[in-house]
Number of protein chains: 2
Amino acid sequence: MSKYIDIANDLKKKIQAGTYAPGEPLPGQKNLADEYKTSRMTIQKSLSLLKAEGYLYSQQGSATYVKNNIDSLANLDIGVDQYVGISKLMEGKHKVTSKVLKFEIRYPEETERDKLSLGPTDAVYDILRLRLVDQAPYSIEHTIMPISIIPGLSDDILSKSVYHYIQESLGLEVGGAYRQFSAKKSSEDDIKFLGNESTDPVLVITNVVYLENGTPFEYSIVDQKYDKGRFGIFVPSQGKF
Amino acid sequence: MSKYIDIANDLKKKIQAGTYAPGEPLPGQKNLADEYKTSRMTIQKSLSLLKAEGYLYSQQGSATYVKNNIDSLANLDIGVDQYVGISKLMEGKHKVTSKVLKFEIRYPEETERDKLSLGPTDAVYDILRLRLVDQAPYSIEHTIMPISIIPGLSDDILSKSVYHYIQESLGLEVGGAYRQFSAKKSSEDDIKFLGNESTDPVLVITNVVYLENGTPFEYSIVDQKYDKGRFGIFVPSQGKF
DNA sequence: TAGTGGTCTAGACCACGAT
DNA sequence: TCGTGGTCTAGACCACTAA
């Protein structure tokens, strides 16, 4: 990894360990540059990462401080900036399993062609999965992926972690995701598979996930039980990096 | 403004105008540096802003390209990265009005003290507003703000834009916001003020908004009609700036 | 191999806060 | 005024892609 990412991770560790306490100033860019044997520019790049994540804030003329309410971040069930799928999110804490309800190959519909930048003859996987956390229904994930980008997908991979397969076996890197949030009433499937009452609301997360090279490779619609995890994110003010 | 922000805005304009078309490469950092009479480092800082917003992606060894599906961004009703309140969001397109349902001053409860880093004797505003877009009920916003940070709040300001008051009259800058999304069933207030049926779901957005200096100044819970706007955001992969 | 973007440097100057 | 963070520079080297 690059030096500035290493330093950012080290600083984050120290913040979480309490070496740099909430409300307290960091040693100062000059000092940090000396400590890590690097330049101020590199330190600033490290700090900018932690600012974007909401750990730090800088005050010109004064210092860079650790934010007071980092507990808000820790109290999170799921961060929006996690695009790795729940398998990895829940790692250690909970047992995540998946039941594949549908796994087909077909040609894409118009919305899917639009979201994934595909032509009418570029076949896609059409996948419906029930995700369970600690054996209890958690969400229904409807996923569309182009087979040209993610070849060799199998039932076995689907019930484990698709992201692990993409990164480890295919050697692809995820570049980012575009997410939308909305609410709706329970559908037939929500009632059938999530065990919802017909009056239960559902949190809907619509995703378009991109590879590092800008290619969209996943269009998914997730129906999540409303009384389970919340999605949270820190949104830095524009241009403050 | 700084040079790198000016350049980023100029590039964004050219992308939106089609000067740099989707899928096409940008002129290259060296050329851009010459064109804008600046250094490569500064150009990279500009590009990083647009990458974080999802407009561009770079491929090492090749070039920096305009993303294909910028329409996804344009189709958005509301961006999560907008912390400016709906008054400004809907500017021009729709008429936003507010009806103040409650406006009190009291001492903060424990959750509020926690979220806003306050002591038990730091008084807060307790505000309940019904937001209407084009005369139709849109959301109910329950807002808690410390009077010490935002003094002089009035009924008149509340029915217009609080953010405008904070920035223009108080001279404060917003640094970022922490947001959580969830869904719930309609409450009594949702039925009464939003005109919901008792079976209608509600999209709930919980916010903690920070000033540039890291001070939290707003804790708000927004109940939004589920059939109205969606919230969307582009989430870049960690460390890619 | 040539040209691209990614990282890093060692300095400079400025804006701002604390004193 | 002094020290902080914010911006910017002109170059360097590396990793990678494309020809």
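So that the names make sense, note that chain A is the first sequence line, chain B the second, and so on, each numbered from 1.
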Would you please confirm or rule out a distance under 4.0 Å between OP1 or OP2 of dG6(C) and any side-chain N or O of Lys51(B)? yes
CD of Glu112(A) to OG of Ser117(A), rounded to nearest 0.5 Å, is 13.0 Å
note: Asp34(A), atom CG; dT4(D), atom P; distance rounded to Å ~ 11 Å
- request: Answer yes or no: does a side-chain N or O of Gln44(B) lie under 4.0 Å from OP1 or OP2 of dC8(D)?
  value: no
Under 4.0 angstrom between Tyr4(A) side-chain N/O and dC8(C) OP1 or OP2:
no
In 5'-to-3' order, the base (B), backbone-only (S) or no-contact (-) status of each nucleotide in nucleotides 9-19 of chain C, using a 4.0 angstrom heavy-atom cut-off, is BB-B--BBB--
Margin query: Does dT4(D) have OP1 or OP2 under 4.0 Å away from a side-chain N or O of Lys30(A)?
Written below: no
Residues at least two apart in sequence or cross-chain that pass side chain to side chain donor-acceptor pair (under 3.5 Å) with Gln59(A), listed by chain then number, are none
Taken to the nearest whole Å, CD/Gln29(B) to P/dT7(C) is 10 Å
Atom CG of Leu26(B) and atom P of dT4(C) are separated, to the nearest Å, by 13 Å
Sequence neighbours excluded and cut-off under 3.5 Å, please list the side-chain donor-acceptor pairs for residues 23-34 of chain A, or say none.
residue, atom, partner, partner atom, Å
Gln29(A), OE1, Arg40(A), NE, 3.0
Gln29(A), OE1, Arg40(A), NH2, 3.2
Gln29(A), OE1, Gln44(A), NE2, 3.2
Asn31(A), ND2, Pro27(A), O, 2.5

Q.
When you compare the side chains of Ser154(B) and Asp156(B), does any donor N or O come within less than 3.5 Å of an acceptor on the partner?
A. no
